[in-house]
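Please read the structure below before turning to the comments.
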Amino acid sequence: MSDQPVLPTLDDARQLLAAADSLLTGALARARVLTQNGKAIDDHQVLAERVAYAATEARAARELIEYAAGARREGRGDAWLEATAAAGAAELVASLVARLTPAVDDLGIGDDALQASFPPDLRKKLRAASNESVFRAIGREVAGRRGRNETPLDETLEQVRSSVREFAEKEIAPHAERIHRTDDLVPEEFITKMAALGYFGLSVPEEYGGYEMGNLAMILTTEELSRASLAAAGSLITRPEILTKALMAGGTEEQKKFWLPKIAAGDLMVGISVTEPDIGSDVAGVKCRADRATVGGVEGFVVNGPKSWCTFAGRANVLALLARTDPDMSKGPKGLSLFIVEKEPHRGHDFECTQPGGGKMSGKADATIGYRGMHSFTVQLENWFVPATNLVGDQGGLGKGFYLQMGGFAAGRLQTGGRACGLAQAALERACEYVLDRVQFGRATVEYGLTQFLIGRMAAKLAAARAITYAAALAMDEDERKAAPLAAQAKLLACDIAVGITQDAQLLHGGWGYAEEYAISRYTVDALVLPIFEGVKPILELKVVARNLLGE
Ligand SMILES: Cc1cc2nc3c(=O)[nH]c(=O)nc-3n(C[C@H](O)[C@H](O)[C@H](O)COP(=O)(O)OP(=O)(O)OC[C@H]3O[C@@H](n4cnc5c(N)ncnc54)[C@H](O)[C@@H]3O)c2cc1C
């Protein structure tokens with residue numbers, strides 16, 4: 001076991017990725033045939049999930065290699081960045097091969113495909129590039145830097161990141177533990193300070209009062225806020241972001257002019273209300289009703305029904321609420337419309353609002369193990385009046401709510417990739433600090449090979465999560481619709497990686513990792529929510545990623 005391994009190069013990683021791509025191409029082609037171009041995914045769910053995840057790993061490996069190569073071209077980064085990218089890509093390729101191997105018979109490609117894609121010399125290269133000695137060397141280097149995130153960026157983005165980092169460390173981090181442990185609500189100062197810094201308007205176009213900094217600036221902001229606290233800051237801009245995208249895609253000009261400047265200024269906090277007690281993943285089956293009514297001489301709709309898991313519904317001034325405007329359930333998604341439902345903000349774990357016309361809205365926060373600070377509510381609406389002008393898209397928006405909401409979720413997923421990276425980053429830093437200080441059997445635990453290996457692998461995985469998320473952000477700047485599947489892949493992988501990294505970091509803390517006193521215990525429970533919302537993992541894999549890869 002050499003302590004000075006030959007570190008893999010980006011060229012090594014490219015060769016390994018090319019081999020993985022050839023195996024994957026064969027697997028995808030067969031999966032398309034078996035699923036009749038995605039129409040019969042439900043008859044082959046396990047297989048479809050496998051190839052969807054493998055394709056996500058291949059994409060992340062490509063983005064990781066390209067990110068490091070781009071940094072080298074621009075004179076940024078260093079040898080460790082390249083070695084981490086190459087080893088991270090090799091690890092993803094090894095995982096892809098292991099994932100597809102049990103399915104080669106079901107796919108009908110057999111062992112031959114494996115042998116052909118990975119001849120002996122490439123198998124040897126793969127073993128060398130993902131060898132433990134490589135990850136131990138990376139781990140020593142990362143721990144020495146205390147896990148700091150030094151991912152190279154251009155000057156403008158570097159400024160964005162460092163200013164948000166400074167803000168989050170000074171203003172958010174000192175309160176994060178208290179908010180988590182007391183299940184408190186996000187303090188108003190967080191909102192006013194973030195609003196003053198323009199964080200709520202990062203992706204609102206300038207003509208509507210925003211700053212239009214682009215999706216990568218928004219991701220870097222989210223990442224740094226989430227590093228301080230996923231729940232009390234990192235998730236605050238997700239909801240306005242989702243509504244912004246829905247309004248941009250389907251709102252009337254009047255609606256954009258009315259709502260977007262208020263969102264950008266942070267004057268309006270938003271809740272997203274899609275899920276119902278009986279309706280989760282099957283969004284097209286939403287039952288909450290919005291029926292036409294005239295109240296106090298104003299035309300509009302009365303909304304009736306329960307909603308669940310509406311995060312920040314108490315403090316929110318508006319809920320972006322999906323409701324059925326066509327009672328004919330056979331219309332499925334085409335019977336749904338999206339409303340901007342106004343309400344008074346409340347700062348408690350429950351609330352009740354009433355309207356002069358008799359409408360009532362009540363909410364009760366469901367206690368959760370983590371992700372505390374915004375509170376997620378079960379909400380009951382009874383004859384709650386919403387003016388017709390609050391139907392997104394006005395009359396033209398009738399029946400389009402499902403599609404607008406799904407477009408909004410694509411942006412939400414990108415954000416969640418950023419949230420996952422920020423949380424994983426925090427866990428990596430805490431782990432490095434702990435293993436440098438903790439002495440057992442007469443040595444700091446960082447001196448043990450297994451610790452170094454775990455730290456090195458965490459850093460390489462986090463680099464992969466970041467690379468695919470940043471790539472999705474840039475792709476979203478180009479074409480939001482086309483980039484939606486990549487944003488879903490970024491969310492899928494980054495969230496899994498955040499769960500894995502927080503758990504590894506917790507283990508490296510030993511018993512103290514289970515103590516509330518150490519932030520790692522908060523990170524671990526917070527991370528668990530990431531693969532659940534904005535499309536629970538199995539649904540994201542099957543109905544978004546696999547459908548996109550296998551469909552015509
Ligand atoms: C803390 C928190 C905050 C949230 N915030 C919001 C919010 O602000 N707004 C909002 O609207 N929602 C929110 N949600 C809800 C979240 O989006 C849903 O929980 C999620 O979409 C999954 O729905 P569900 O919980 O009903 O699970 P279900 O849809 O019941 O799925 C449960 C499991 O069943 C399996 N399953 C279901 N269907 C299939 C299938 N076709 N094929 C294979 N397996 C299947 C999967 O394993 C899945 O994981 C939040 C949830 C949490 C926990």
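Residue numbers count from 1 along this sequence. The shown structure was predicted, so the numbers you read here are calculated from the model rather than taken from an experiment. Atoms within a ligand are numbered from 1 in the order they appear, just like the ligands themselves.
- Close approach of ligand 1 to I272 is summarised as follows: ligand atoms under 4.0 Å from at least one heavy atom of the residue are 7 (C), 8 (O), 9 (N), 10 (C), 11 (O).
- In summary, the atoms of ligand 1 found under 4.0 Å from a heavy atom of Y371, numbered by their order in the structure, are 1 (C).
- Using a 4.0 Å threshold on non-hydrogen atoms, atom 40 (C) of ligand 1 counts as touching the protein.
- Salt-bridge check for R99 with E57: passed, with a basic side-chain N closer than 4.0 Å to an acidic carboxylate O.
- Heavy atoms of other residues, nucleotides or ligands lying less than 6.0 angstrom from NZ of K245 number more than 12.
- Every atom of ligand 1 with a heavy atom of T311 under 4.0 Å away is listed here by number and element: 3 (C), 4 (C), 5 (N), 6 (C), 7 (C), 8 (O).
- The shortest N/O to N/O separation between S273 and ligand 1 does not fall below 3.5 Å.
- Other residues, nucleotides and ligands contribute over 12 non-hydrogen atoms within 6.0 Å of the CD atom of E188.
- Protein heavy atom in closest approach to atom 1 (C) of ligand 1: V529 CG2, 3.5 Å.
- Between L423 atom CG and T502 atom OG1 the span is 6.0 Å, to the nearest 0.5 Å.
- When all heavy atoms are compared, the tightest approach of I263 to P240 is CG2-CB, 3.5 Å.
- For ligand 1 and I532, the ligand atoms under 4.0 Å from any heavy atom of the residue are 19 (O), 20 (C).
- Summary of contacts: the protein heavy atom closest to atom 45 (C) of ligand 1 is I539 CD1, 3.9 Å.
- The shortest contact between atom 33 (C) of ligand 1 and any protein heavy atom is with V536 CG1, 4.9 Å.
- Distance screen at 4.0 Å: atom 23 (O) of ligand 1 has a protein heavy-atom neighbour inside the cut-off.
- The N/O atoms of T275, backbone and side chain alike, include one that comes under 3.5 Å of an N/O atom in ligand 1.
- Contact atoms of ligand 1 toward V274: 11 (O) (distance under 4.0 Å to a heavy atom of the residue).
- Atom 35 (C) of ligand 1 is never approached by the protein to below 4.0 angstrom, counting heavy atoms only.
- Using a cutoff of 4.0 Å between basic side-chain nitrogens and carboxylate oxygens, D42 and K543 are scored as salt-bridged.
- Under the 30°/60° scheme for interplanar angles, the aromatic rings of W512 and Y518 are found to be tilted.
- Counting only heavy atoms of the protein, atom 47 (O) of ligand 1 lies nearest to P538 CG, 3.5 Å.
- Of the candidates R466, Q415, Q425, R419, E223 forms a side-chain hydrogen bond (donor to acceptor under 3.5 Å, both in side chains) with just one, namely R466.
- Using a 4.0 Å cutoff on heavy atoms, T368 does not count as a contact of ligand 1.
- Of all protein heavy atoms, the one lying nearest to atom 2 (C) of ligand 1 is W309 CE3, 3.7 Å.
- The 12-atom threshold is not exceeded at NZ of K334, counting heavy atoms of other residues, nucleotides or ligands nearer than 6.0 Å.
- A salt bridge links R59 to E63: one of the charged nitrogens lies within less than 4.0 Å of a carboxylate oxygen.
- Comment: R165 engages E224 in a salt bridge, judged by a side-chain N to carboxylate O separation of less than 4.0 angstrom.
- Scanning the protein heavy atoms around atom 42 (N) of ligand 1, the nearest turns out to be Q45 NE2, 3.0 Å.
- Less than 4.0 angstrom separates some heavy atom of G280 from each of these atoms of ligand 1: 23 (O), 24 (P), 26 (O), 29 (O).
- Looking only at protein heavy atoms, the nearest one to atom 27 (O) of ligand 1 is S281 OG, 4.1 Å.
- Rounded to the nearest 0.5 Å, atoms CZ (F339) and CG (L319) are 13.0 Å apart.
- Within the 4.0 angstrom cut-off, atom 9 (N) of ligand 1 has one or more protein heavy-atom neighbours.
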